[in-house]
Engineer: 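Mind looking over this structure? Questions follow.
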There are 2 protein chains.
Amino acid sequence: MSERRVTMADVARRAGVSPTTASFALSGRTDMRISDASRKKVLEAARELGYRPNVTARSLRTKSTQTIGFVSDRITTTPFAGDVIRGAMEAARERDNLLFITEAGGDRDAESSLVHALLDRQVDAVIYASMFTRYVTPPKELFGRRVVLLNCLAPGFDAPSVVPDELEAGRDAARALLAAGHTEGIWAIGGHQAVPATPEGIIAGNERMRGLEEVLREGGARLDGVVECDWDTRDGFREVSALLAAGHRPRALVCLTDRVSMGAYQALGEAGLSVPGDVSVVSFDDQDIAAVLRPALTTLKLPHHQLGRLAVELILRRGPLEAVVHRVPMPLRERASIGAPAAG
Amino acid sequence: MSERRVTMADVARRAGVSPTTASFALSGRTDMRISDASRKKVLEAARELGYRPNVTARSLRTKSTQTIGFVSDRITTTPFAGDVIRGAMEAARERDNLLFITEAGGDRDAESSLVHALLDRQVDAVIYASMFTRYVTPPKELFGRRVVLLNCLAPGFDAPSVVPDELEAGRDAARALLAAGHTEGIWAIGGHQAVPATPEGIIAGNERMRGLEEVLREGGARLDGVVECDWDTRDGFREVSALLAAGHRPRALVCLTDRVSMGAYQALGEAGLSVPGDVSVVSFDDQDIAAVLRPALTTLKLPHHQLGRLAVELILRRGPLEAVVHRVPMPLRERASIGAPAAG
DNA sequence: CTCCGTTGTTAAATCGGATTAGCAAGTTGC
DNA sequence: GCAACTTGCTAATCCGATTTAACAACGGAG
């Protein structure tokens, strides 16, 4: 990419010292004795010439590229992506690291090929990420490497995992409902565990429901029913419409994702029921639509940004990585979809 | 990252030839004469040892890292991000390249710092991207470098731009309305040019409106009015509500983004008007919500994926980059929000 | 039989830094 | 006054490839 860069040799020449001295002066190492005078001359020369070290060259010798690879199944799809990457990137930048972002689209061969491409570039570590919290088996190329699992779990694979605290989120959803006075007429839409077509739900769905039921029970409240459905708007609409058509009159809906909530809103709207006047809704994820639905949706936020940030922070800590599961809290975004229970 | 890699020297040793011969055999160059026997031995040895070249080391000599930097103001926000990056990444992978993804958050200093970090790693080229089509002034560090501008324009900066063909999209929106029989009662929401608070609109908004008005005029149709507003759901709701409250009864709304459309849907719904029975809606962007709104929204898709792909393809073409503006078509996603005009 | 041109291969230099080993000059100790 | 340390710096190597220059071995021409 054009025009010769200033090298360390240039700096040394201008400062009137050897490249060795320049190297030590610039790296600021104290184990090699450099006089203050020399150090100052070198730093001065470097500044004047606008010297910047060639990271590629340095890596060859030091083995550290200050670069992290990020492999995910899919970065597009809504619930994940941008925020995770941004969080990871910010944390990386704070320590002068950069991220290679890649996506394998769920294809095992593509995944292996990408990991190779990353290793060929000598990345210091790899973040292996999934868009949905689930169990994974990382490609064999990653065995024995410095790896952090992001939003996924791999029993038997020796690496830390960073995942949202879904269990506690389920509890918080229940607490929010109890606090508003709801004790009956509560339905969960999109639980108990997701249908096979939605493997994304196997962990998140289970844990959210487990936390929800636990706290409702403790609070003396009852879950009137659980409707299983795919975690999308269409299914949410269909199932809630069916529920209403069957004569049920829920006072509160716990929708397992915002997409399902949006479908629920549509169904309630078409049935002439208002939120939260007739029916309260509490949800999970806090996607973009949550804030712009009318009324705005109260939901438990998936901590994408924190997830990405923590993954990188773990990697950049000195020493070996421990195979621990880190659970990141999902904060409650209180908006306008929960109200007092409608009069019986 | 652990365990010594197999080097070319290892391969040469096993094949019983010099590193030089191994290098030529592996790179498959024909300008240096290597016997078929030697070539075969080397390839065989490489395969047996699972040799993979160290891209970092190679780069030092060849100056080419097979790596592209991607700098954007923000990768999170909805309308952009994921798809662009995915398109760029796919195109890069097809030619054995990888992408450094970075985001400066609109901060000039951060931007410079990121560009430096990229150049320090010897990227072969940089994609300078904006989330909204707009005019930009790239940081001075990029002058004279191999750069492609993505979704932005920088007059005077010697680099190609890749942008959506907003003008033609505006024309297509008009054509879709005309085809359904609309000739009056047409309102544009979110045009003519965006308010100062929404700089994102200055290019997209202008061109969409220009194309729209041009074709409506040619088709003998009339634009009853243009409502300026921010390009978000809240403003869309507010402005369309106000429009209806003022006694207007539009037959068709051209919303300048899907977010505005969503607000329009909410306002129409609360006023008891149906889409497309009472009012047709045509929109721009094709964000995720477009497909799940009820009725599904007919909209002109922002070709994010193609944008990213083309940017990388331009970079990977041999030879210097020409400062040309490449306009990528915005395909019409016909769904269910346009119908015949309501009876007068 | 010598000279010259191919052919196939390798030694050595290079890329831009980091690191190891060693070398002068100045200090201290006795 | 001389050995033993320090201090401050540099020559030489190394990292893992690519690339240039040069060198044997062989065949054909004269």
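Worth knowing before you read on, the calculation uses all heavy atoms, side chains too, and leaves out hydrogens, waters and symmetry mates.
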Engineer: Determine the contact category for Val17(B): base if any of its heavy atoms lies under 4.0 Å from a base atom, sugar-phosphate if only primed atoms, P, OP1 or OP2 are that close, otherwise nothing.
Structural biologist: sugar-phosphate

Engineer: Assign a letter to each nucleotide of nucleotides 15-23 of chain C from its 5' end: B, base within under 4.0 Å of a protein heavy atom; S, sugar-phosphate only; -, no contact.
Structural biologist: BBBBBB---

Engineer: Taking atom types as modelled and ignoring hydrogens, do the side chains of Ser130(B) and Arg134(B) form a donor-acceptor contact shorter than 3.5 angstrom?
Structural biologist: yes

Engineer: Using the C1' atoms of the five pairs at each end, what is the angle between the end axes of the helix from dC1(C)-dG30(D) to dC30(C)-dG1(D), to 10°?
Structural biologist: 70°

Engineer: Could you tell me whether Glu44(A) and Lys41(A) have a side-chain N and a carboxylate O separated by less than 4.0 Å?
Structural biologist: no

Engineer: Please work out whether the ring planes of Phe143(A) and Phe157(A) are parallel, tilted or perpendicular, with thresholds of 30° and 60°.
Structural biologist: perpendicular

Engineer: How long is the line joining CD1 of Ile34(B) and C1' of dT19(D), in whole Å?
Structural biologist: 13 Å

Engineer: In whole Å, what is the span from the CD atom of Gln122(B) to the P atom of dA17(D)?
Structural biologist: 18 Å

Engineer: If I take atom CG in residue Asp31(A) and atom C1' in nucleotide dC9(D), what distance separates them, rounded to the nearest angstrom?
Structural biologist: 14 Å

Engineer: What pair of heavy atoms forms the shortest contact from Tyr135(B) to Pro155(B), and how long is it?
Structural biologist: CD2-CD, 3.7 Å

Engineer: Go through the side-chain N and O atoms of Ser18(A) and Thr21(A) and say whether any donor and acceptor fall under 3.5 Å apart.
Structural biologist: yes

Engineer: I'd like to know if Glu90(A) and Arg93(A) make a salt bridge, using a cut-off of under 4.0 Å between side-chain N and carboxylate O.
Structural biologist: no

Engineer: State whether Thr21(B) places a side-chain N or O below 4.0 Å from either non-bridging phosphate oxygen (OP1 or OP2) of dT10(C).
Structural biologist: yes

Engineer: Walk me through it: do Thr65(A) and Arg121(B) pass the test side chain to side chain donor-acceptor pair (under 3.5 Å)?
Structural biologist: CA-CA 9 Å; Thr65(A) 51; Arg121(B) 286 171 178 74; over 6 Å; no

Engineer: Here's a test for you: under side-chain contact (heavy atoms from CB on, under 4.5 Å), which of Val325(A), Leu314(A), Val324(A) qualifies with Val162(A)?
Structural biologist: Leu314(A)

Engineer: Does OP1 or OP2 of dA17(D) have a side-chain N or O of Ser59(B) closer than 4.0 Å?
Structural biologist: no

